[in-house]
Amino acid sequence: MNTIYIVTRRKTVTEIIKDDFLLYLFIWFIVLAAVAAISIRLIKKATYPTEAAILSQKNFVAAASHELKAPLAVILTNAEAVAADSSLEARLKKNIAAIDSECKRMSNLVQDLLLLSSIDGGTWDLTKTPVDIFTLMITVYEKYETLYKKNDMKLNLNLKNDSYPQFHADKNRVEQILGIFLDNAVHYGNSGSAVNFTAEIENNFIPLGENGIKSVVFTVCDYGQGIKDEDKPFIFDRFFQANKSRTHTGHYGLGLSIAYELVKMHKGNIELSDTPEGGCTFRIIFPLS
């Protein structure tokens with residue numbers, strides 16, 4: 001009886017995988033897609049209560065701010081009318097002046113809240129036009145020079161370039177941004193000190209994922225109280241105040257957050273550093289193109 005042996009070469013693991021590579025790759029993609037879909041669904045489910053609470057809070061702030069505008073306007077109008085009455089006693093005039101002052105503070109707060117609500121809702125649009133930097137600096141300087149003198153401080157205007165190119169921006173919002181930093185500098189500065197207000201052109205600003213381009217840099221350098229290192233990461237958070245005593249009643253901790261949002265809408269950036277002699281130096285950077 002004859003026995004026949006048939007010998008075949010066994011495939012290696014590498015060869016088996018190579019033969020069915022496309023099948024394995026397809027299965028891998030299916031599994032990955034399934035895991036990703038399940039993960040996204042679970043994450044959304046887990047974060048939904050938080051997102052809903054935040055959205056509800058923003059909607060409430062927007063609605064409350066909008067509803068406060070009308071009664072505040074009525075109170076202000078009537079307070080001014082009463083204050084204009086020549087027959088009013090001096091004692092009552094002081095009370096009316098206090099009402100007028102506090103209503104204006106509340107009105108400013110409402111306007112700030114409405115602006116932030118509009119930005120959050122994506123309904124805030126910038127009206128960009130060519131802005132003359134030299135004229136802008138002079139306008140802002142003249143607006144705040146009197147306030148600085150009143151607080152026994154000096155505002156130094158430094159125009160480092162002989163001429164400045166125009167840049168496209170929302171002029172009113174840029175003035176608002178610079179005003180926020182100048183206002184903070186005078187309120188948190190020391191009596192008798194100076195604040196340097198500068199504009200210069202730089203070549204190394206790099207916005208998100210782009211090559212370096214020219215930028216205009218506005219600098220507000222003060223020699224006041226400064227900001228503690230532990231507070232610096234939070235200064236652009238809403239309602240955050242480094243001064244926990246809140247002795248500056250005109251400030252609600254919204255100014256820097258508004259400036260941050262408006263600069264971000266211009267594709268710009270804000271940098272903070274310590275002034276060597278004490279105080280803060282803010283650099284507000286806007287790309288020229």
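If you read the sequence from its start, that first residue is 1, and numbering goes on from there.
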S.K.: Heavy-atom distance under 4.5 Å between the side chains of Ile235 and Phe282, does that happen here?
M.R.: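 Yes, at least one pair of side-chain atoms sits under 4.5 Å.
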S.K.: With sequence neighbours left out, write down each residue that passes side-chain hydrogen bond (donor to acceptor under 3.5 Å, both in side chains) with Gln176, or none if nothing qualifies.
M.R.: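 Checked Gln176 against side-chain hydrogen bond (donor to acceptor under 3.5 Å, both in side chains); matches are Arg173.
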S.K.: Side chains of Val174 and His266, heavy atoms from C-beta outward: is any pair under 4.5 Å?
M.R.: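 They are in side-chain contact.
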S.K.: Short question: side chain of Thr281, backbone of Asp274 - any donor-acceptor pair under 3.5 Å?
M.R.: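 A pair under 3.5 Å: no.
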S.K.: Is a side-chain N or O of Tyr144 found less than 3.5 angstrom from the main chain of Leu155, in a donor-acceptor match?
M.R.: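 Checking the backbone N and O of Leu155 against the side chain of Tyr144, no donor-acceptor pair under 3.5 Å is found.
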S.K.: Walk me through whether Tyr223 and Asn190 qualify under side chain to side chain contact (heavy atoms under 4.5 Å, CB included).
M.R.: CA-CA 7 Å; Tyr223 300 89; Asn190 296 323; over 6 Å; no
S.K.: Shortest non-hydrogen contact from Leu178 to Leu136?
M.R.: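 For Leu178 and Leu136, the tightest heavy-atom pair comes out as CD1-CD2, 4.2 Å.
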S.K.: Check whether Asp222 reaches the backbone of Val195 with its side chain - one donor and one acceptor, N or O, closer than 3.5 Å.
M.R.: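 No, Asp222 side chain to Val195 backbone: no donor-acceptor pair under 3.5 Å.
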S.K.: Taking the side chain as everything from C-beta on, heavy atoms only, tell me whether Glu261 gets closer than 4.5 Å to Met265.
M.R.: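 The answer is no; the side chains never approach within 4.5 Å.
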S.K.: In Å, rounded to the nearest 0.5 Å, how long is the span from CG of Asn156 to CG of Asn196?
M.R.: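 Going from the CG atom of Asn156 to the CG atom of Asn196 covers 5.0 Å.
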S.K.: Just wondering, more than 12 heavy atoms not from Tyr164 lying within 6.0 Å of its OH?
M.R.: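 More than 12 heavy atoms, drawn from other residues, nucleotides or ligands, come within 6.0 Å of this atom.
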S.K.: Kindly give the heavy-atom pair with the smallest separation between Met153 and Ser191, and that separation in Å.
M.R.: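 Residues Met153 and Ser191, closest heavy atoms: CG-CA, 4.4 Å.
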S.K.: Quick check: closest heavy atoms across Ala259 and Phe181, and the distance to 0.1 Å?
M.R.: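 Closest approach of Ala259 to Phe181, heavy atoms only: CB-CE1, 3.8 Å.
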S.K.: Which atom pair, heavy atoms only, marks the closest approach of Gly268 to Pro287?
M.R.: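 Of all heavy-atom pairs spanning Gly268 and Pro287, the closest is CA-CD, 3.9 Å.
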S.K.: Determine whether Ile177 and Phe286 make a side-chain contact, defined as any pair of heavy atoms from C-beta on separated by less than 4.5 Å.
M.R.: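 SC-SC contact between Ile177 and Phe286 confirmed.
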S.K.: Start with the C-alpha gap between Phe218 and Val140, add the side-chain angles, then the distance that decides, and say whether side chain to side chain contact (heavy atoms under 4.5 Å, CB included) holds.
M.R.: CA-CA 12 Å; Phe218 299 100; Val140 176; over 6 Å; no
S.K.: As a quick check of understanding, evaluate side chain to side chain contact (heavy atoms under 4.5 Å, CB included) for Ile270 and Phe236, giving each step before the final call.
M.R.: CA-CA 10 Å; Ile270 302 175; Phe236 297 114; 3.7 Å; yes
S.K.: Look only at the side chain of Asp132 and the backbone of Thr135, and say whether a donor-acceptor pair between them is shorter than 3.5 Å.
M.R.: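 Indeed, once roles are kept as given, a pair shorter than 3.5 Å links the two residues.
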S.K.: Do the side chains of Ile138 and Leu157 get nearer than 4.5 Å, heavy atoms only?
M.R.: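 A side-chain contact under 4.5 Å exists here.
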S.K.: Can you name the closest pair of heavy atoms from Leu256 and Ile180 and give their distance?
M.R.: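 So the minimum-distance heavy-atom pair works out to N-CG2, 4.0 Å.
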S.K.: How far apart are the closest heavy atoms of Met137 and Asn158, and which atoms are they?
M.R.: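 Where Met137 meets Asn158 most closely, the heavy atoms are CE-O, 4.4 Å.
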S.K.: Does NZ belonging to Lys143 count more than 12 external heavy atoms closer than 6.0 Å?
M.R.: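 12 or below, so no.
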S.K.: If you group Ile, Leu, Val, Met, Phe, Trp and Tyr by side-chain heavy-atom gaps below 4.5 Å, do Ile38 and Ile30 land in one group?
M.R.: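 Shared cluster, no.
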S.K.: Does atom NZ (Lys154) have a neighbourhood of more than 12 heavy atoms from anything else shown, all under 6.0 Å?
M.R.: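 Atom NZ in Lys154 is not packed in, count stays at 12 or less.
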S.K.: Determine yes or no for a side-chain-to-main-chain donor-acceptor pair under 3.5 angstrom, with Tyr148 supplying the side chain and Leu182 the backbone.
M.R.: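 Yes.
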